[in-house]
Amino acid sequence: MVQRLSQLFVRTLRDNPVDAEVPSHRLLVRAGYIRRAAPGGYTWLPLGWRVYQNVARVIREEMDAIGAQEVHFPAMLPREPYEATGRWTDYGDNLFRLQDRRKVDYLLGPTHEEMFTLLVKDLYSSYKDLPVWLYQIQDKFRDEARPRGGLLRGREFSMKDSYSFDIDDEGLQRSYDAHRDAYVRIFDRLGLPYVIVSAMSGAMGGSASEEFLFPCDVGEDTFVQCASCHYSANTEAVRVGAASPIDHSSTPAQRVVDTPNTPTIQTLVDLFNGRDDLRRTSGQWQASDTLKNVVVMLRHPDGRIEPLAVGVPGDREVDMKRLEAQVSPAEVQPFEEADFAKHPALVKGYIGPGALGTKNASGIKYLLDPRIAIGSEWITGADQAGKHVMHLVNGRDFEADGVIDVAEVRDDDTCPQCGSALEIRRGIEIGHVFQLGRKYAETLDLQVLDQNGKQRVVTMGSYGIGVSRAVAAIAEASHDELGLRWPREIAPFDAHVVIAGKDDGSITQTANQIAEGLQSNGMRVVLDDRVGVSPGVKFKDAELLGMPVVVVAGRGVANGVVEVRNRITGTTTETPIDQAVSLALAEIAKA
RNA sequence: CGGGGGGUGGCGCAGUUGGUAGCGCGCCUGGUUUGGGACCAGGAGGCCGGGGGUUCAAGUCCCCCCUCCCCGACCA
């Protein structure tokens with residue numbers, strides 16, 4: 001059936017909604033695709049729901065094509081499985097919890113590793129049953145502290161997540177590769193540009209976890225990309241190579257210097273450059289010649305709290321996200337005044353390697369940025385108020401307990417693979433493939449018998465795509481100043497036929513004929529049949545709604561012609577009425 | 001959770017020293033229009049986010065709460 005715009009449940013807004021900031025949110029609300037219904041929750045209107053279904057269909061087709069099978073869970077889940085894996089508590093405030101009339105606890109699933117693991121455990125018990133790949137497309141619930149960007153980060157959102165179950169690591173790798181390949185096909189079909197980045201430290205073997213990021217200024221993830229080689233990684237996963245040792249045979253002995261009133265690195269550098277006796281033999285001292293020591297508190301999952309000291313070059317900050325990722329599952333907490341009181345060896349503002357390290361006065365574990373080479377000399381805190389030390393050589397004058405790579409990553413940092421300059425970019429995480437391994441299977445005791453009749457713990461992978469987020473990302477990727485521009489496969493309709501201008505009946509007749517012609521060729525068609533609406537309004541709405549091809553039947557009909565407009569390429573072609581359908585079909589095929 | 005800015009018809013906004021709640025768009029009726037968000041005339045539509053207080057009188061002043069947006073923190 002040709003959808004008549006006069007009958008469609010939609011209202012476009014002339015003005016931008018004031019509470020929408022990012023383009024996708026603004027346009028989806030203004031064009032009548034979604035409405036906010038709750039904090040972080042959106043209602044899909046008919047147009048939006050068609051887009052959603054199209055995205056879900058593409059994902060289903062590709063998942064089914066690799067042999068994955070769809071299941072469907074209840075939204076309301078029991079507490080026990082999440083209790084068993086510790087996530088009932090680990091998820092903290094982000095978990096939506098509820099109780100039934102008997103005060104029994106339930107939760108709204110934030111993610112479903114537990115349920116899938118138990119489902120397979122429930123039914124399968126032999127290696128012959130493996131591998132098996134299951135997926136769901138369902139709403140997830142996370143009580144985000146700050147939902148934002150409309151569909152980009154909600155508290156209720158739709159996600160496709162798959163889980164693979166294999167008997168061994170080789171199988172897991174095959175399952176992972178199959179999903180990764182499927183994701184490439186999915187995002188290509190969705191018209192979403194993406195970069196695949198490493199999401200975990202190289203220590204685990206670089207391919208254990210990768211993210212698909214859609215590069216975009218409003219994205220919340222930061223990643224680096226190398227212009228020369230193909231290296232790309234989430235900033236959390238970037239690993240800097242260790243610096244080569246430096247010959248320090250000509251470096252003077254360490255020297256403690258009075259440095260009053262040097263609360264910042266810059267004032268410290270200025271003081272050294274301003275004093276004749278401290279001046280460098282060649283050039284000026286830089287912030288990068290100083291060693292900054294940051295102390296934090298780590299809170300382990302078992303509740304244990306211990307301090308950790310990190311040394312980074314003075315021109316860099318410690319990136320807390322990177323630090324959290326490195327020390328996970330421990331949480332990072334600030335080192336507070338009260339903590340200084342408990343550790344008298346630490347002098348606030350003058351913390352140096354002299355006091356740090358498990359072998360020194362504080363006993364605090366001390367880890368160094370990999371850029372800090374053995375043999376390099378530094379200006380750093382002397383562990384006395386108002387004093388710094390210079391010519392302090394790593395390996396000669398102090399020794400750290402190890403290396404940790406958590407300094408901020410900057411534009412033009414060198415690529416760990418080829419040494420060229422890295423570029424920092426932002427992106428929206430649209431997909432994530434992850435080799436979970438045996439963590440959940442062990443905890444929930446998912447084992448099968450192998451060929452030798454022995455119990456073997458199953459190894460798992462998890463693979464997610466945010467469906468509602470993908471809708472927003474596509475809108476983000478496919479719009480211009482006039483409105484949305486849906487890729488053909490995702491658009492609510494293939495063609496938008498407009499009845500424009502003063503009509504003696506022939507225009508409406510022509511428009512109907514074209515709409516039906518398109519439909520009989522398998523196209524999904526919306527017809528703007530609204531009466532008393534001026535052509536300008538209809539054109540604006542057509543541009544805002546964003547179907548790939550717009551056919552305008554208007555004043556040209558008197559001369560036997562209509563217009564075919566391609567919303568993607570921006571071209572307008574006038575064509576005889578009897579060729580309108582075939583031309584529109586050709587343009588749709590191009591879009 | 002910290003900082004900042006908001007909440008007044010469906011949407012966007014104004015509202016003075018406290019004194020009958022307004023404008024534009026949209027919506028309804030009639031008429032005129034019909035190729036780039038038309039025009040005229042007449043209408044409908046508001047618990048001014050919620051609660052408490054001050055006052056003869058509160059959209060406006062005071063207190064508490066809710067909620068939205070932005071920045072940060074947080075985020076399998």
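Per chain, numbering begins at 1; letters A, B, ... match sequence-line order. Note that these values count all heavy atoms, side chains included, but never hydrogens, waters or copies made by symmetry.
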*Length of the line joining A/Glu543:CD and B/rG35:C1', which is rounded to integer Å*: 12 Å
*Using the P atom as the reference point in each nucleotide, state the distance between B/rC56 and B/rC13 in Å, no decimals.*
37 Å
*asked:* Could you tell me the Watson-Crick or G-U partner of B/rG72, where both distances fall under 3.5 Å? Say none if there is no partner.
replied: B/rC1
_Residue mapping more 5' on RNA chain B - nearest nucleotide basis, A/Arg11 or A/Gly501_ = A/Arg11
*Spacing of the C1' atoms in B/rA57 and B/rA38 (rounded, Å)*: 45 Å
*Rounded C1' spacing from B/rG59 to B/rG49 in Å*: 12 Å
_I'd like the P distance from B/rU16 over to B/rG6, given in whole Å._
15 Å
*Which part of the nucleic acid does A/Asn16 contact within heavy-atom distance under 4.0 Å: base, sugar-phosphate only, or nothing?*
sugar-phosphate
*Give none if B/rA38 has no partner; otherwise give the nucleotide forming a Watson-Crick or G-U wobble pair with it, both distances under 3.5 Å.*
B/rU32
*Sequence neighbours left out, what passes ring-ring contact (aromatic ring centres under 6.0 Å, His included) with A/Phe212? Give chain and number order.*
A/Tyr183, A/Phe187, A/Tyr194
_Whole-Å P distance, B/rG3 and B/rA73_ = 16 Å
*Base, sugar-phosphate alone, or nothing: which one does A/Arg26 contact when heavy atoms must sit under 4.0 Å apart?*
nothing
*Check the distance between B/rG36's C1' and A/Phe539's CZ and give it to me in whole angstrom.*
7 Å
*Rounding to a whole Å, what distance do you find between A/Leu13:CG and B/rC13:C1'?*
15 Å
*Could you write nucleotides 65-76 of chain B as a row of B, S and -, 5' to 3', where a protein heavy atom under 4.0 Å of any base atom gives B, of only sugar-phosphate atoms gives S, and otherwise -?*
--SSSSBBBBBB
*Looking at A/Arg87 and A/Glu114, does any basic side-chain N land under 4.0 Å from a carboxylate oxygen?*
yes
*Please measure how far the P atom in B/rC23 lies from the corresponding atom in B/rG46, and state the result in whole Å.*
15 Å
*Who passes salt bridge (charged side-chain N to carboxylate O under 4.0 Å, His left out) against A/Arg148, sequence neighbours left out?*
A/Glu220
*Between atom CG in A/Asp504 and atom P in B/rU33, what is the gap in whole Å?*
15 Å
*asked:* For A/Ser175, run the side chain to side chain donor-acceptor pair (under 3.5 Å) check against A/Tyr463, A/Tyr163, A/Trp133 and tell me which one passes.
replied: A/Trp133
*Look through every strand shown and name the nucleotide pairing with B/rA57 as Watson-Crick or G-U wobble, where both distances are under 3.5 Å.*
none
_Contacts of A/Arg35 that satisfy salt bridge (charged side-chain N to carboxylate O under 4.0 Å, His left out) - sequence neighbours left out_ = none
*Pick the P atom in B/rC62 and in B/rC47, then give their distance to the nearest Å.*
25 Å
_Tell me every residue that passes salt bridge (charged side-chain N to carboxylate O under 4.0 Å, His left out) with A/Arg322, counting only those two or more places apart in sequence or in another chain._
A/Asp405
*Would you mind pulling out the nucleotide paired to B/rG10, Watson-Crick or G-U wobble, both distances under 3.5 Å?*
B/rC25
*Is A/Asp541 paired with A/Arg530 through a side-chain N to carboxylate O contact shorter than 4.0 Å?*
yes
*Taking the same atom, C1', in B/rG45 and in B/rG26, what whole-Å distance lies between them?*
12 Å
*Using the test salt bridge (charged side-chain N to carboxylate O under 4.0 Å, His left out), find all partners of A/Lys160 that sit at least two apart in sequence or belong to another chain.*
none
_Measuring from the side chain of A/Ser534 (C-beta onward, heavy atoms only), which nucleotide among B/rA38, B/rG35, B/rG24 has the closest atom?_
B/rA38
